[in-house]
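Right, one structure below, let's go through it.
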There are 2 protein chains.
Amino acid sequence: MASITIIDIAKMCGVGVTTVSRAINNHPDISEETKAMIMQVIKDNHYVPNNSARNLKRSASKTIAVLIKGITNPFFNRMIQVFEKEIQRKKYSFILQHVDENQDEIEVAIELEKEKRLKGIVFLGGNFSHSKEKLDQLTVPFVLSTIGMTPEYDPSEYSSVSVDDYKESYKMVDYLCNQGHRKIAIITASMDDVSIGKLRYEGYKQALEDHELPLNEKLVYSMKENIESYSMENGYAVTKELLDSGEEFTALFAVSDSLAVGACKAIFESGKSVPDDYSVAGFDGLDITYYYNPSITTIRQPVEEIAEETIRILFDLINKKITHAHKTFPAELMIRESTTARK
Amino acid sequence: MASITIIDIAKMCGVGVTTVSRAINNHPDISEETKAMIMQVIKDNHYVPNNSARNLKRSASKTIAVLIKGITNPFFNRMIQVFEKEIQRKKYSFILQHVDENQDEIEVAIELEKEKRLKGIVFLGGNFSHSKEKLDQLTVPFVLSTIGMTPEYDPSEYSSVSVDDYKESYKMVDYLCNQGHRKIAIITASMDDVSIGKLRYEGYKQALEDHELPLNEKLVYSMKENIESYSMENGYAVTKELLDSGEEFTALFAVSDSLAVGACKAIFESGKSVPDDYSVAGFDGLDITYYYNPSITTIRQPVEEIAEETIRILFDLINKKITHAHKTFPAELMIRESTTARK
DNA sequence: TTGTAGGCGTTATCAC
DNA sequence: GTGATAACGCCTACAA
């Protein structure tokens, strides 16, 4: 069955397509009554305009896309809400697009930009390692949100909003050291990670060094490659290995909260307790860290502020007020039950 | 800067647009060498076809859309992975589309069907209460996955895959009763909920009745409207109220795992323990129920099977092997540390 | 206020 | 094997 088109509606109403188009798009130059009549016919016949045709014709549409990389992270839920609210407040419309773990987000963005005539793009999550050449194919403004960039990128070529992963990680490890811990294990990303995983690991190393503690390689664990990264399951499996290794430690810093949850479970299963036997700390500030038992010490990222600032910068970019911008927010060390001073 | 089009490429290659189109779309009627040449030019110039134009022209595209209602639920992550794998295995492409809590998923689906020339649709999550008239506007096959439908719907008008929320809920409460609990509180959806919330509540009522236990209205709590539904925060807030009410109970059944986690936290904060003072049970089988401390008794939905069957039915629908189908999977009662026999 | 016609970028149809 | 050309469904000058 052929779908009904704007021409059919026009014929049914005995008017031209222009008039129907005006009715649909709330154009001013149309009398109230013809408009009402047309809308009625449209409703009766369940006419729905074809978006492909609209996008094709439209030269510019006021829409922003948010691209999320990888499996949905609970961390992003709140951010997305803020994005949506802020974008709507600017009278723009908003597209949420998932990007597969093994897809190239820039390619997706380039396609989407053409398809939907985007005005701007927000990249959320994932690592970011693309050639300048590729980035240049993006002709609309974009902002990297919550994506740690290693320093080799030329900051004048992109915009970003995030926390300082290096500094915040340092803050956490510094806190643990100050609590008297001298043997602090870490669960971090794989060693070839170039993004937040690496930055957080660097912060750990620096903090140890500043406290004149040796870096013990046997206390440095990477997430398992064959398990979903940053997941509870991964934290659990890695911690089991750490415990089995027999290497002594008194505190464990996991570079994400989910890893920390898994770590706690592994510790409980070994008959030990948190924080009496081992202090455990996470990173991100997920809700679960508050609700877990014991509640988990973490670094809380100010997600609302990050999201709001992301949109602010994006619109400044769109309005050509700036050519690029970088904003880092301070994160908050949330000291909770899972860490304690070393006895 | 105007975007480069297929015509530009054709000119650059000194061929017709048809030939370029053939190269892009892997058509057979084209010599290997011209194809290679064209692809090279395309690559050099970073030409990306405009999807809107393609969709507009294409009569049919082999693509399936999965629509997710509401805030992303960790429950869905695994399902989405399976959907993607299965859909790709059938050589179809796959679109993941989020639907806002206050958007009408059917309307989104209708638009998307036209825009992308969909072959089929999967609805995931949310309640489902739409007129037959509206459903009829969907001209492609669709399957409701994990969406409890109340009986008033004519089952011959749609297809679905899920667990029997009523029965599984009954199973849980029956188990609690068998453990000697006689005062079982419940945190359920709001009373006007027509979907899984209602079904799970009905199961609770029936189990009490079958055990000849009175239904105590003072132990029936609905989630708070002003807090994100089915969230830990909601479970926490409601349980605090329940505890403050002073009404006696020995077990608490929360209709989702996240609610159960929040409930545990509230109980801990009141100085009581789980399960010694109160048994707590959830529903869904999220990872966190295993990793929580204590681990939480729950009903584990077989997400992989549900997802696989959803796709199987969808393709049977597409291939006109069937006109509709309903499949319910048994869920598994996972007895863990958070529940115990009443002393 | 309303209608006609051209074009957005692509693919399908048909000739060559 | 290749190339013109007509749609696809809509929007928007421009004309009436």
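Proteins get letters first, then strands, A, B, ... in listed order; numbering begins at 1 in each. In this text the structure is predicted, and so the values were computed from the model without any measurement. The figures here come from the full heavy-atom set of this structure, side chains too, leaving out hydrogens, waters and symmetry mates.
- With no hydrogens or angles considered, no side-chain donor-acceptor pair links B:Asn51 and B:Arg58 at under 3.5 Å.
- Using a 4.0 Å heavy-atom distance criterion, B:Thr34 is classed as a sugar-phosphate-only contact.
- Straight-line distance from the NZ atom of A:Lys35 to the P atom of C:dT2: 12 Å, rounded to whole Å.
- Going from atom CD1 of B:Ile42 over to atom C1' of C:dT10 covers 13 Å, rounded to whole Å.
- B:Thr18 comes within 4.0 angstrom of a base, heavy atoms only.
- Read 5' to 3', the first and last nucleotides of DNA chain D with an atom closer than 4.0 Å to a heavy atom of chain B are D:dG1 to D:dG9.
- For A:Leu56, the side-chain atoms get nearest to C:dC8 when compared with the rest of C:dA12, C:dT10, C:dC8.
- Contact check, B:Ser3 against C:dG9: no side-chain N or O comes under 4.0 Å of OP1 or OP2.
- Nucleic acid contact for A:Asn25: sugar-phosphate only, since backbone atoms but no base atoms lie under 4.0 Å from a heavy atom of the residue.
- The aromatic rings of A:His98 and B:His98 lie parallel to each other, with less than 30° between the two planes, well short of the 60° mark.
- In this structure, the CD1 atom of B:Ile4 is 15 Å from the P atom of C:dC8, given to the nearest Å.
- Considering only side-chain atoms of B:His27, the nucleotide from C:dT10, C:dA12, C:dT11 that sits closest is C:dA12.
- The CG-C1' distance, from B:Asn50 to C:dT11, rounds to 13 Å in whole Å.
- Using a 4.0 Å heavy-atom criterion, one finds that B:Asp29 contacts the bases of the nucleic acid, with or without backbone contacts as well.
- Along DNA chain D, the nucleotide nearest B:Ile30 and the nucleotide nearest A:Arg54 are compared for position; the residue whose nucleotide lies closer to the 5' end is B:Ile30.
- Between the NZ atom of B:Lys62 and the OG atom of B:Ser93 there is a distance of 9.5 Å, given to the nearest 0.5 Å.
- Between A:Glu111 atom CD and C:dT10 atom P the separation is 11 Å, expressed in whole Å.
- B:Ser31 comes within contact range of the sugar-phosphate backbone alone, with a heavy-atom separation under 4.0 Å but no base atom that close.
- The CD1 atom of A:Ile64 sits 8.5 Å away from the NZ atom of A:Lys119 when rounded to the nearest 0.5 Å.
- Annotation: side chain of A:Pro141 is in contact with side chain of A:Leu314 (closest heavy-atom distance under 4.5 Å).
- Under 4.0 Å is where a charged nitrogen must lie from a carboxylate oxygen, and between B:Asp316 and B:Arg312 no such pair does.
- Evaluated for a side chain to side chain donor-acceptor pair (under 3.5 Å) with A:Lys69, the options A:Glu105, A:Gln103, A:Glu101 yield exactly one hit, A:Glu105.
- Atom CD1 of A:Ile7 is separated from atom P of C:dT4 by 11 Å (rounded to the nearest Å).
- Atom CZ in B:Arg58 sits about 17 Å away from atom P in C:dG9, given to the nearest Å.
- Each of B:Ile24 and A:Thr19 lies near DNA chain C, and the nucleotide nearest A:Thr19 is the one positioned closer to the 5' end.
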